[in-house]
Amino acid sequence: MEAVLGILRGMWLTTGPTVANFERRFAEWQGVAHAVAVSSGTAALACATFASGFGPGDEVITTPLTFVATANSIAYRGATPVLADIDPRTLCISPDAIRARLTERTRGIIVVHFAGQPADMDPIMQLAAERNLIVIEDACHAPGATYRGRKVGTFGQLACYSFHPVKPITTGEGGMLVTDDAELSRLASLYRNHGISRDGRQRAEAGAWEYDMTELGQNYRLTDLHCAIGIEQLDRLTDSLARRRVVAARYDDAFRALEYLELPERPSDSESGLHLYPILLRLDKLRADRNQIFRALYAENIGVNVHYIPIHYHSWYQRQFGFRIGDFPVTEAIYQRLISLPLFSAMTDDDVNDVITAVSRVLRYYGN
Ligand SMILES: *Cc1c(COP(=O)(O)O)cnc(C)c1O
């Protein structure tokens with residue numbers, strides 16, 4: 001609150017020094033050369049697909065099990081989203097499924113580190129190198145996650161984060177694009193500000209009024225007010241992740257003993273960002289489907305959710321690209337069983353116990 005008041009009392013409400021500070025701090029934290037602050041995770045993805053140069057006729061591969069914004073960022077460019085099914089163990093896109101979807105039109109891959117679990121980046125980056133593809137990491141679930149000892153967000157040419165309130169750190173609304181590539185960073189910055197060569201602050205500092213619009217961009221700027229919150233939040237990320245690890249470990253212990261559900265794998269060569277805690281119901285051992293279990297947990301006052309309705313279930317994607325239910329059987333079988341349990345750093349031990357008790361009671365009641 002003090003940080004925000006400091007901005008309100010100062011000179012710049014937007015595109016001032018605090019945006020640049022947050023970008024510098026974020027780039028340092030990520031260990032990359034460039035960070036571009038934008039108004040949402042969706043805006044970060046849109047800047048990434050713009051900077052990648054995707055256009056009509058290009059195919060870009062992504063996962064069906066994600067929020068619509070991931071696939072939308074491909075469609076915004078007039079490019080074609082191609083879906084590749086998931087690995088049922090980690091719920092992330094399967095490298096083998098990606099390989100099966102490659103064509104001579106494939107230009108890129110957007111991976112999602114689902115629930116915070118890093119996608120299997122080594123084979124994916126190898127495939128991308130063989131075929132000269134751009135890889136964008138949708139790391140909205142995964143700030144701080146590591147794969148084989150290295151932070152996610154540093155594998156692809158570009159990575160995107162969201163600072164929506166449900167995400168691990170928040171600015172209210174906001175997002176960040178990170179990259180080591182100066183040209184990709186320049187293009188993303190351009191797209192963020194209408195495709196105009198100089199922003200207001202640069203013009204003020206140069207004492208000049210001229211500018212040129214070289215690309216068709218957007219207004220995806222983030223304000224100094226938001227970035228002041230972001231700087232404070234970034235300092236809390238480590239503690240927040242540590243608390244979520246404790247909560248997840250308690251869940252793991254309790255639920256491994258319960259025969260009515262399975263847990264996705266978290267392979268030992270990676271550390272999840274633990275944004276979500278998905279469980280997979282054993283429908284063969286239950287007299288109820290996912291929706292009934294969901295409602296029963298809701299009635300127990302547990303804030304459950306389902307992440308996500310697969311991309312190809314949405315009517316726009318069916319109409320626009322001809323996707324049908326049946327196209328991605330692994331994702332579909334998982335989706336029928338999927339529920340996300342509450343997982344956030346402010347959970348008390350009592351909250352955790354309440355969730356464990358409610359899940360155990362509901363599943364035992366419906367167990368056969
Ligand atoms: C939240 C989220 C987005 C979009 O971020 P916004 O800040 O809400 O626009 C994109 N991809 C994934 C995987 C997300 O979880």
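Remember, it's 1-based here, ligands and their atoms both numbered in the order they're listed.
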* Asked: Between T66 and ligand 1, is there a nitrogen or oxygen pair with a distance under 3.5 Å?
  -> no
* Asked: Should you measure from each heavy atom of D138, which atoms of ligand 1 turn up under 4.0 Å away?
  -> 10 (C), 11 (N), 12 (C), 13 (C)
* Give the numbers and elements of all ligand 1 atoms closer than 4.0 Å to a heavy atom of S40. => 7 (O), 9 (O)
* Asked: Which atoms from ligand 1 have a heavy atom of Y308 less than 4.0 Å away?
  -> 15 (O)
* To do: Run down the list V68, L65, T42 and name the one with the heavy atom closest to atom 9 (O) of ligand 1.
  => T42
* L343 and I339: same hydrophobic cluster, using ILVMFWY side-chain contacts below 4.5 Å? -> yes
* Below 4.0 angstrom from a heavy atom of T70, which ligand 1 atoms are there? Numbered from 1 as shown, please. => 11 (N)
* Plane angle bin for F67 and Y308 - parallel if under 30°, tilted between 30 and 60°, otherwise perpendicular -> tilted
* Plane angle bin for Y277 and F255 - parallel if under 30°, tilted between 30 and 60°, otherwise perpendicular -> tilted
* Asked: What do we get for F114 next to ligand 1 when only non-hydrogen atoms under 4.0 Å count, side chain, backbone, both or neither?
  -> neither
* Joint hydrophobic cluster, I136 plus V82, side-chain heavy atoms closer than 4.5 Å -> no
* Mode of C140 contact toward ligand 1 - side chain, backbone, both, neither (heavy atoms, under 4.0 Å) -> side chain
* Those atoms of ligand 1 less than 4.0 Å from some heavy atom in G41 -> 5 (O), 6 (P), 7 (O), 9 (O)
* Between V166 and L45, is there a shared hydrophobic cluster once you connect ILVMFWY residues whose side-chain heavy atoms come closer than 4.5 Å? -> no
* To do: Heavy-atom contacts with H141 under 4.0 Å: which atoms of ligand 1 show up? List them by number with element.
  => 13 (C), 14 (C), 15 (O)
* **N305/Y298 under side chain to side chain donor-acceptor pair (under 3.5 Å): CA gap, chis, key distance, verdict** => CA-CA 9 Å; N305 209 333; Y298 218 83; over 6 Å; no
* To do: Tell me which one of H164, K167, M176 gets a heavy atom nearest to atom 3 (C) of ligand 1.
  => K167
* To do: Verify the cluster assignment for I74 and F54: are they in a single hydrophobic cluster under the rule of side-chain heavy atoms below 4.5 Å apart?
  => yes
* Quick one: does Y161 get a heavy atom under 4.0 Å from ligand 1? -> no
* **F50 six-ring face occupied by R192 cation (under 6.0 Å, within 45°)** => no
